[in-house]
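Inspection log for the structure reproduced underneath, given as structure tokens.
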Amino acid sequence: MKVSRIRCKSALSRSGLYDLDYSYNPYLGCYHGCRYCYSVSILSRELALDWGNFVFVKENVIEVLRREVLRKKRGVVGVSTASDPYQPVEKVHELTRKGIEVLRGSGFHVSIQTRSPLVLRDADLIKGPGFDLGVTITTLDEWVARKVEPKSPRPLERAKVLEEYSGKVDTWLFFGPIIPFLADGEDNVRAVVKLASKCGSHLLYDKLRVKKWIPMLLRPALERIEEGLYERVMDRVRDQKYWQGVFGTIEKACRDYGVRCEPSMPSYSRPKYKRL
Ligand code: SF4
């Protein structure tokens, strides 16, 4: 793993996600290296190919954040939107924790999305109405998860995060990206929805979106599972009727388990929070 230090000019960048006002990304790059990660689409080809093997640490991000918090209009801050804020490098640098300390009580709403149990370390900070916490689960099948999200914490560890935060802050489960043949089966769908129900979490779901550079990472991962799987998955990705069926299955399961759910389209989104 290559860890390098860089300096940044801004800590709170305007977010293109419709329900966030700002993104706080203290790291560039993500150790978890998921083979479908949308963040690669904004990188150079060289960095995209190396996804999962590098992290840039923004060494001055806290001092920049302190300045920006004093002058920027209040709103919802996504922590973080281009990498997992609790990836292993956070254990050493604590830029997510320190960023939350700055934002907490400053009038900004903090919306955290992770898949790492390291977020439990910060339970002393993440509490009350100023926060919401989302956990990403693509599949509860560990074997499948290992193939497409090779260095992410195991699905059951993520489930534990939701359980632990349940009742302490608003929690949500992001079910996605849904990969045809691997995560779209009714058993997986119902298991994921049941978990959201158990934790009192809202559920957001989204289909696989094959953005720039993703085929370079996803094709080899899928071909290692089964020859020809990548092309079969791509056929499904383009099939609107297929998606209607998958979304119908999710919505029915949510009705059965009493889970509030919504598609994250038209853009990848988080629950709406009152603008501050
Ligand atoms: S954890 Fe999130 S940001 Fe990190 S590689 Fe996976 S999808 Fe991308």
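All values derive from a computational prediction rather than experimental measurement. Remember, it's 1-based here, ligands and their atoms both numbered in the order they're listed. Heavy atoms only: backbone and side chains are in, while hydrogens, waters and symmetry mates are out.
Under 2.8 Å from atom 4 (Fe) of ligand 1, one finds the following protein N/O/S atoms: Cys30 SG.
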### Task
Decide yes or no on side chain to side chain donor-acceptor pair (under 3.5 Å) for His109 and Asp132, but give the supporting numbers first.
CA-CA 8 Å; His109 181 95; Asp132 66 89; 2.7 Å; yes
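A cation-pi arrangement, defined by a distance under 6.0 Å to the six-membered ring centre and an angle within 45 degrees of its axis, is absent between Lys2 and Phe54.
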What donor-acceptor contacts under 3.5 angstrom involve side-chain atoms of residues 222-230, with partners at least two apart or in another chain?
residue: Glu223; atom: OE1; partner: Gly228; partner atom: N; Å: 2.8
residue: Glu223; atom: OE2; partner: Gly228; partner atom: N; Å: 3.4
residue: Glu223; atom: OE2; partner: Leu229; partner atom: N; Å: 3.4
residue: Glu223; atom: OE2; partner: Tyr230; partner atom: N; Å: 3.0
residue: Glu226; atom: OE2; partner: Arg232; partner atom: NH1; Å: 2.8

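A search for ring-ring contact (aromatic ring centres under 6.0 Å, His included) contacts involving Trp243 returns Phe247, not counting sequence neighbours.
Ligand 1 lies out of reach of Tyr38, whose nearest heavy atom is not under 4.0 Å from it.
Sorted by first and then second residue, the pairs that involve residues 193-205 and meet salt bridge (charged side-chain N to carboxylate O under 4.0 Å, His left out), not counting sequence neighbours, are Glu163-Lys198.
Under the 3.5 Å distance criterion, with hydrogens and angles disregarded, no donor-acceptor pair is assigned to the side chains of Gln113 and Thr81.
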